[in-house]
6 protein chains.
Amino acid sequence: MNLNEWLNEEIPGIAKALEDINKSHFFIEKTIGFAGKETIYKVLHDFRSALFPGVYDKYPIDETRINIIIGNRLRTSALDLKDLIQKVLLNKRAKADCAETRSECYTKADEIVIQLLKLLPDIRQKIQTDIQAAYDGDPAASSTEEILLSYPSVEAISIHRIAHELYKLDVPIIPRIMAEYAHQLTGIDIHPGASIGDYFFIDHGTGVVIGETCTIGRHVKIYQGVTLGAKSFPLDEHGNPIKGIKRHPNIEDHVVIYAGATILGGDTTIGHNSVIGGNIWLTQSVLPYSKVYNSQPSPNIK
Amino acid sequence: MNLNEWLNEEIPGIAKALEDINKSHFFIEKTIGFAGKETIYKVLHDFRSALFPGVYDKYPIDETRINIIIGNRLRTSALDLKDLIQKVLLNKRAKADCAETRSECYTKADEIVIQLLKLLPDIRQKIQTDIQAAYDGDPAASSTEEILLSYPSVEAISIHRIAHELYKLDVPIIPRIMAEYAHQLTGIDIHPGASIGDYFFIDHGTGVVIGETCTIGRHVKIYQGVTLGAKSFPLDEHGNPIKGIKRHPNIEDHVVIYAGATILGGDTTIGHNSVIGGNIWLTQSVLPYSKVYNSQPSPNIK
Amino acid sequence: MNLNEWLNEEIPGIAKALEDINKSHFFIEKTIGFAGKETIYKVLHDFRSALFPGVYDKYPIDETRINIIIGNRLRTSALDLKDLIQKVLLNKRAKADCAETRSECYTKADEIVIQLLKLLPDIRQKIQTDIQAAYDGDPAASSTEEILLSYPSVEAISIHRIAHELYKLDVPIIPRIMAEYAHQLTGIDIHPGASIGDYFFIDHGTGVVIGETCTIGRHVKIYQGVTLGAKSFPLDEHGNPIKGIKRHPNIEDHVVIYAGATILGGDTTIGHNSVIGGNIWLTQSVLPYSKVYNSQPSPNIK
Amino acid sequence: MNLNEWLNEEIPGIAKALEDINKSHFFIEKTIGFAGKETIYKVLHDFRSALFPGVYDKYPIDETRINIIIGNRLRTSALDLKDLIQKVLLNKRAKADCAETRSECYTKADEIVIQLLKLLPDIRQKIQTDIQAAYDGDPAASSTEEILLSYPSVEAISIHRIAHELYKLDVPIIPRIMAEYAHQLTGIDIHPGASIGDYFFIDHGTGVVIGETCTIGRHVKIYQGVTLGAKSFPLDEHGNPIKGIKRHPNIEDHVVIYAGATILGGDTTIGHNSVIGGNIWLTQSVLPYSKVYNSQPSPNIK
Amino acid sequence: MNLNEWLNEEIPGIAKALEDINKSHFFIEKTIGFAGKETIYKVLHDFRSALFPGVYDKYPIDETRINIIIGNRLRTSALDLKDLIQKVLLNKRAKADCAETRSECYTKADEIVIQLLKLLPDIRQKIQTDIQAAYDGDPAASSTEEILLSYPSVEAISIHRIAHELYKLDVPIIPRIMAEYAHQLTGIDIHPGASIGDYFFIDHGTGVVIGETCTIGRHVKIYQGVTLGAKSFPLDEHGNPIKGIKRHPNIEDHVVIYAGATILGGDTTIGHNSVIGGNIWLTQSVLPYSKVYNSQPSPNIK
Amino acid sequence: MNLNEWLNEEIPGIAKALEDINKSHFFIEKTIGFAGKETIYKVLHDFRSALFPGVYDKYPIDETRINIIIGNRLRTSALDLKDLIQKVLLNKRAKADCAETRSECYTKADEIVIQLLKLLPDIRQKIQTDIQAAYDGDPAASSTEEILLSYPSVEAISIHRIAHELYKLDVPIIPRIMAEYAHQLTGIDIHPGASIGDYFFIDHGTGVVIGETCTIGRHVKIYQGVTLGAKSFPLDEHGNPIKGIKRHPNIEDHVVIYAGATILGGDTTIGHNSVIGGNIWLTQSVLPYSKVYNSQPSPNIK
């Protein structure tokens, strides 16, 4: 029997098996559907095009039409986002079996979108401080334009600042998909729950992980491979991790954390103006103005 | 002389030089050709679309046509993959100067494709356990849907589980290209030779490296920056590394390995139910139920 | 008020606010504009298609037309690159307020492009040594073809070798955008200023950072997560980092640096034929033929 | 007031006016929606790709996979077509206010699709006779392959033979959209109701119009600009044309009709083996073996 | 000498020759450039999408967002059109060597765009009458929806009604490109200068030509192949046709013109409620309520 | 049985039937394959882009790079065309069973391409005369630029002038596919065999048919719906039309042919400076300076 004949004969059975597995494990497209992922990427693109007119466009744009272009993008992305949020809110309601009506979900979706749009100028201002921080913090940066065009930090933080607002407005799933998109583009994995102050800069960035309940002050600078993570997960009576408690550290203003450092725990606070050395493993708080270095034994050199 | 004139005059020579270098070093497109890379990505997309109908589609799909859609994708990708495998088998035969005939290669390609397709429902079941492991292991995960949509671990492991089957069927090159594709998307670098049990979860993932001869049990969880690598390479009489021997560790069931840990060596076995702490450097076996932490000196805090 | 009405009423104001912020912080498209980023990616694609005919093409190419195809791509990318360089040179002149005339900038752009094109056969030869280094250095590599198709190292180094020549020709911004593009594709972050010898190989690569003023010899091999960075930044009288001084280490010939090692400082030289162990933190020079391992205390195993 | 300000102020009003007009005249997307048009084009493409594997493909297809490719296309287009037919049947039911249930519409849609698919081999055979007719009838044709690749007649008739079957199965709107698509591509306007025998050939074709109730025999050949139309429309008591009565002529076997001829009326029959000359205006029947030429006065030549 | 070598040697010369011919005959891109053609198509698409939300969209649109979608399209196309009109006005000024300043051209462009946008609801209303005319006039039409989806007449007239307004506002070139676009899509060639009343319907349409200075009343219906053309061109003293005088006929209300009729001359008026038979050749006026048929000799039937 | 089940069961059989019909009637892709059609369109696009740099480009092109752009397009299209010609020549040889060797076909393909490329500047010059003829002949034309951008005549004749050269070089099939492409775009159907002099203009053009063996002089102008066709086909002993004899008329210099005229026969010659009126039916020669009008009876006007 050749391959064609085998395919004609056996594929219906294999397709049936795959269909059954999919149907038994979750209802396909129950919430935003998987198609929603594409739309979220599009919304992010449109928002960022509105925040930085020209950056994400394939061709140069005319200065006299910036206003109209920004407006059109905001209108389009507002409607796309509203649809997505409606779906995730309705789904959440269904799961929670709560009293919220369908039309309350619709109203709430409208309100969330309006809330986010009102915040956009503020978000844009914050990202401007992040650009400034990169310029001030990296001796290799020769202009703010260079930073905007070639620093993954700006890419990651601009997506985060949008995702974080949606997270605070209790939107499920969508902020996480946004964060993972930034992760894929930059290697920087910031949970949308993390609260991050102005003038934030991540140099190089690959491998950085910033956990859900982190709080980070202003003028903080971190390097590649830094983890701001959880120490351990308290388990419930069934041995499952308890969700939603403070698990990640606090970083105060003007702190620098060098490459590969690992700072863990919800009670851990790095006092302001501290410097954490490379590869440091830290599970306890340090006072302001601390300098933490490994007192590591000199390596053996033969 | 302006640039246009220079180009008209000098480009033929430079093009000739580049052509010569390419021809002297390897015959272009001898095996699957470089064009095959694109086809491999397409095959992966089609297989994954069949495994998770809807996930990789741009637009929502109709539930009543899932069966037909899965079937069509499997048929198409089966034929694409058959072509690729024929080419790499014929090339391998040419190099090995063995007795295998051309038509034996064709038959073998058909058999490999059939073998892989038969395994797909099983592969899909395994990936379902990986999704479950992510849900159980990450306190930030609020639903299995969220995991499927936003966890790089699922992306990497689903590609690996396909690539690994082709590796076991002795298909050259193709599994490696698949693995590197996952690496590019997620920052997780799993060699297709690695054997990985059910319920596998990698959190965050950036920088994870899992070597060719690793064996990993069930219910294993690892974090970003973990290396499961080789200790050293035995060299042959010419000073070249000897290929094909066991070089990477064994991780037994229910092991957790925290961020940045490095475990090296083909003889190294991490006994079941062990916990390996962050940044641990380990080149020797540990018993089941071990907890391995750095007895690192407290950092200097000034 | 429903969402549509709100959008019609409020969007003009929000769009105005965003427009104002953008205008106050930098003039949009002053230099290459953000649209130039896309063109740089295209130039890179065209150059690499010329260096490796077939690798970056969607469909197989006919051997008899390789010469013409290479030539066409070089001509096209030469003109695209010339346009970009003209813009960045004119902008630099504007900023520097120097005496250079507009036509001198044009001439210089032509010269730079011609210079780069003349170097392409040499660049191609160097990349061939990098491919060889990968084959010799990785026991898992089964053919040079496999390396070309599936090793991120080749992707990163081939972009770097182009960007580095432009960097040496004093082209602003463009080389950095090229480098960041490679970073995004591979997780390997090499500053275009870094000087790297033949036969260079990076295994796995995720998280590697190589700083601007690094010099790396021939036959050097490094693993994932290695940082070749700066120790500290001398500040000027205003507290800003002084730009343009030697800040990153020198790696001599035949050095191997294992995963996660961090080597810092412009005065730090790793003597030839040395081996630097995994996770080593090194801020001082070592002699040739050194072997540097962590004399780390055995981990606690309970 | 500049254009931007005017747009911000006046566009909401104009958009509202346009929205209102659209809503007052017909409900948008009530039936297949306008988006259905694209799908119909896609279905036609898929069907014709199945009828002539390779003709409508961008790249050459492999002979060993023709069977699978045909099968996949038929499955896909069957499902697309089923969706469209369901919609038009449900809409027809709604308008007719008849007793047909929703599920009866679904069943009927399935049956129509199955019916059409069963007919495909027969349709393909008929088109083969049309190709043969073109070869026999045009002295400029040098091979059947040339005809298939460059004769608009084949394009128009192959679409018609599909549309006609759907028309006979009482599918609303869809066959007409198919016919107009052929009209746009070829300038040949054949109403899907027209019944056309084997070995049909239209030379050049631009401007040909063939009405709804035409019947055309076997081995008929017509030239550009020929109209087979209605003589007049009987009006009902309201002065509207009465729909659905026989209005267009009958053309028997082996008839040739030269360029620009106009044949009108439902009672008009052109007897078999007749020849109708160019620019003839004919509103009455002619016997078999007739030769009809204009006894037109010689033109004045000065 | 093989082809590659010949190309390398001879192409620069042939390219130079082609460049020279182009430069000697007209300055490339002097006015809207050829790239403007694409933009005009885009503007037409956007306008028609605003007039008929959903018709020209690839995917169904959500009813709640129609208002915003219309608005966005109008804003975008307004700006695109403004740019085009600026260019053609500046070019016209340059040619005319008139006193109009650059900024007067800009102001005029803005005014023209605003004027057109204000007219859009009125244009939309008129097209609605054309749809109605098609329904009333064609016994084969089963619904207005069918007409909108499958009648070339609607396609041609909707483009014409836009182009005609620009023609009346003295915009050069752009209306002609719009008209030719409609011609290509439908085979109906209406000069943008033609003035056409409400309830206009062209059945089948291929080959219809309507000249620049035609005036057509309300409720007029014409068939395929009808020409409303010029009788002869008065020549100036140099033997060139004098441009800009009335050359094409007037068609009053409620006239029907059957297929292939030719009506010529600026003084020719077809009185209201007349019927012009097929293939009629008419170069003189006829009174209202006339019925014009060919008293053609019966064809010879042998 | 639902549709999915029916498809799974019956599609293999229907696909098999369609495959069998295709295989029995002609070997798929025997010559240029159907995929070649796309390539021919691409070649035409590239040639025309080289003839009119900027006309067929989506975006404006830089004047300083016109030379290089033209060169690149010629090189690319030369190679594409060579491949196509090789295939049709080899196929012709196979059919003719002649002595021509494979390598002679290759050499001939190279020669044909070189021949065509050498002719391109001449072809370009001729098209310039066609543009001039349009300007002089149409009172509605306001600039040569308008003509180039919006006259189907230029589109059709520029494709014809390329196709005609290939026809004269005895290339099978390819010129016909080119001609049909022009037919589809413009409604003007010119057989590639027709010989057409300088300063040729077709106004409106829909429905024009110009036969294979026509010869047309210089300064000829024709209108929509004109047919230059064959009177009758001499049949061979089997009743098939004899191919390759002179069947279409000769039109001498400075002739004007008005809309709808039909001129037939290989012996028919229209003497120079003649005018042929609209709808004239002419099957005999007329002397130079003739004016041919229908002495048609006045229509009945009631």
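Letters A, B, ... are given to chains in the order of the sequence lines, protein chains preceding strands, and every chain is numbered from 1.
One side chain, Arg124(A) or Asn22(C), offers a donor N or O that lies under 3.5 Å from an acceptor on the other.
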Stepwise side-chain hydrogen bond (donor to acceptor under 3.5 Å, both in side chains) test for Tyr167(C) and Glu212(C) = CA-CA 10 Å; Tyr167(C) 176 93; Glu212(C) 183 175 15; 2.8 Å; yes
Test Gln224(A) against Thr227(C) for side-chain hydrogen bond (donor to acceptor under 3.5 Å, both in side chains), laying out the working first.
-> CA-CA 9 Å; Gln224(A) 70 272 20; Thr227(C) 295; 3.0 Å; yes
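Proximity to chain A is absent for every atom of Tyr181(C), based on heavy atoms less than 4.5 angstrom apart. Both the backbone and the side chain of Ser290(C) come within contact range of chain A, with heavy atoms under 4.5 Å apart. Both the backbone and the side chain of Gln184(C) come within contact range of chain A, each with at least one heavy atom under 4.5 Å from a heavy atom of that chain. Neither the backbone nor the side chain of Asp20(C) comes within contact range of chain A; no heavy atom of the residue lies under 4.5 Å from a heavy atom of that chain.
Taking the six-membered ring where the residue is Trp, the centroids of His219(A) and Phe200(A) are separated by 6.0 Å or more.
The pair Asp46(C)-Lys42(C) meets the salt-bridge criterion, since a charged nitrogen lies less than 4.0 angstrom from a carboxylate oxygen.
In terms of non-hydrogen atom pairs under 4.5 Å with chain C, the most contact-rich of Ala259(A), Ala50(A), Gly207(A), Gly187(A) is Ala50(A). The candidate from Pro121(A), Ala78(A), Gly260(A) with the greatest count of non-hydrogen atom pairs under 4.5 Å with chain C is Pro121(A). Note: Glu180(C) leads His191(C), Glu180(C), Met178(C) in heavy-atom pairs under 4.5 Å with chain A.
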